[in-house]
Protein chains: 2
Amino acid sequence: MEPIQDKKTLLFESALELIRVHGFHGTPVSRVAREAGVAAGTVYTYFNSKDEMILELYKYVKLKVLAEVSTKDNPELPFQQRFFAFWDHLTSLYLSKPAFQSFMEQFVSSPYNTPELQQSTDLWGAWLGKFFEQGVAVGALKPLSPQILAIMVIGSVISLVRYLTYFESKTQSVKGELTQIPQMVWDGIKNH
Amino acid sequence: MEPIQDKKTLLFESALELIRVHGFHGTPVSRVAREAGVAAGTVYTYFNSKDEMILELYKYVKLKVLAEVSTKDNPELPFQQRFFAFWDHLTSLYLSKPAFQSFMEQFVSSPYNTPELQQSTDLWGAWLGKFFEQGVAVGALKPLSPQILAIMVIGSVISLVRYLTYFESKTQSVKGELTQIPQMVWDGIKNH
DNA sequence: AGCTAGTGAATGAACGTTCAATCAATTTTA
DNA sequence: TAAAATTGATTGAACGTTCATTCACTAGCT
């Protein structure tokens, strides 16, 4: 059924933007519904509760990120090139969709995020794991667990994007240096 | 007046722990008061509102972190040594006080955190700036802005600690590699 | 006695959720 | 083919709960 998916997506997008600006507790279900152009009660034909909506929203965003980053990856290229492309795509995705970045960050640091949730099947995590595994396999990366490598890299992307978002104005001075960040990360994880 | 400071601190610690477990919206003022052993109304003799309490809590934690890390720093030592010590102290502080880490993370990714707040006088940010500035000045670090360097480093610490917190169990396998993380970060930021 | 700090029941607003009523579209019937 | 019946999504007012905040009162100190 298309109408169902359409309206669900509308609710997701509405919730994403509201949560970016007002946070979880600052966005009433009624408001999410209004911005999506539906009545409050309608939300409950698509989700059983506000919490369930937020959990599904999390999966929705992770899938979007995965789709974006994975389709742009070309496993034929030398790993170093793949790494810098990966960095660029993830950074510009987050910069172009600030609500993605903001929601994901709020979510993972909130009580919604539990160890169980993290360990449940997670295509994005799996993709990341494989990506860094390959880097190790071809000898481009230090022989560490893919998880550890992912920590390093994703952590830096997140921090960078937050920095850019918060200091948009005074960023001019350091903007030139920003291209050096992926280089620094690469220097840290590359073999030798 | 000591009693004032004492009770304020009690409220802070109570709020920290509750927020770690239940998040901002999951911790009613009344609960914070109860766990601190005071009545709900008392909170309002120390803070004008819940929001103000949380903002002050943020400053409280930042000062604590600053105190811990700065007193343990020895500017006489070679910078590389200072860096690894800094990393250790910050990591183990966060690991020993999970509520610090959890609260800070929730706070910075929430709407409480505004650009204005970040730019207001911030001793912890200032200390970090000076720390990395010195690293650059003595030629130990790449000649980048201290802010950029701080992003890299703090981002990695945060990610690492979150990882350790969430995957406490299955961590055994990779625990040996964890000591390599500061080394990787160092390899990324050091000069040459 | 006067003063301050603390109390906790009361208040009112906001919120998540429910549900009887409505509406549009589709299917059945004649 | 046209009217009637059925279906299920949609609505939004209403409900009950929770929560931040207030305030009349008390306890304890000087």
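Labels below follow one simple rule: chain letters A, B, ... track the order of the sequence lines, proteins then strands, and each chain is numbered from 1.
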Working to the nearest 0.5 Å, report the span between CG of A:Asp122 and NZ of A:Lys62.
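These two atoms lie 3.5 Å from each other.
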At what distance, to the nearest 0.5 angstrom, does CG of A:Asp73 lie from CH2 of A:Trp127?
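Those atoms lie 4.5 Å apart.
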Apply ring pair (Phe, Tyr, Trp, His ring centres under 6.0 Å) to A:Phe84 and A:Phe79, showing your working.
CA-CA 9 Å; A:Phe84 282 102; A:Phe79 191 80; over 10 Å; no
Distance flag, aromatic centroids of B:Phe103 and B:Tyr60, threshold under 6.0 Å
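Not close enough - the centres of the two rings lie 6.0 Å or further apart.
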Check for me whether the distance between the ring centres of B:Phe131 and B:Phe83 falls short of 6.0 Å.
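B:Phe131 vs B:Phe83: aromatic centres not under 6.0 Å.
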For [X] and [N], what is the distance between atoms [atom1] and [atom2] respectively, to the nearest whole Å?
{"X": "B:Met53", "N": "D:dT21", "atom1": "CE", "atom2": "P", "value": "10 Å"}
{"X": "A:Lys8", "N": "D:dT10", "atom1": "NZ", "atom2": "P", "value": "13 Å"}
{"X": "B:Leu11", "N": "C:dT7", "atom1": "CG", "atom2": "C1'", "value": "14 Å"}
{"X": "A:Phe47", "N": "D:dT10", "atom1": "CZ", "atom2": "C1'", "value": "15 Å"}
{"X": "A:Arg34", "N": "C:dC15", "atom1": "CZ", "atom2": "P", "value": "11 Å"}
{"X": "A:Asp6", "N": "D:dT10", "atom1": "CG", "atom2": "P", "value": "11 Å"}

With under 30° as parallel and over 60° as perpendicular, where do the rings of B:Phe107 and B:Phe24 fit, or are they tilted in between?
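B:Phe107 vs B:Phe24 ring planes: perpendicular.
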Using a cut-off of less than 4.0 Å, is there contact between a side-chain N or O of B:Tyr46 and OP1 or OP2 of C:dA5?
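Checking C:dA5 against B:Tyr46, no side-chain N or O comes under 4.0 Å of OP1 or OP2.
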Positions of residues 14-33 of chain B (non-hydrogen atom under 4.0 Å from DNA chain D), listed by number:
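Residues of residues 14-33 of chain B under 4.0 Å from DNA chain D: B:Thr27, B:Pro28, B:Val29.
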Sequence-aligned protein contact record of nucleotides 23-30 of chain D, with B where the base is within under 4.0 Å of a protein heavy atom and S where only the sugar-phosphate is
--------
Measure across B:Ala99 and B:Glu17 and return the closest heavy-atom pair with its distance rounded to 0.1 Å.
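Residues B:Ala99 and B:Glu17, closest heavy atoms: CB-OE1, 4.0 Å.
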Would A:Leu144 and A:Ile189 satisfy side-chain contact (heavy atoms from CB on, under 4.5 Å), going step by step from the backbone distance to the final call?
CA-CA 9 Å; A:Leu144 297 166; A:Ile189 65 177; over 6 Å; no
Select base, sugar-phosphate, or nothing to describe what B:Val38 touches, counting heavy atoms under 4.0 Å on all strands.
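Here B:Val38 touches the backbone only, sparing every base.
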Would a single hydrophobic cluster contain both A:Val185 and A:Ile154, if residues Ile, Leu, Val, Met, Phe, Trp and Tyr are joined by side-chain heavy-atom contacts under 4.5 Å?
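Yes, it is one cluster - the side chains of A:Ile154 and A:Val185 are joined through contacts under 4.5 Å.
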B:Lys7 has a side chain; which of D:dA20, C:dG6, C:dG8 sits nearest to it?
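Looking only at side-chain atoms, B:Lys7 lies closest to C:dG6.
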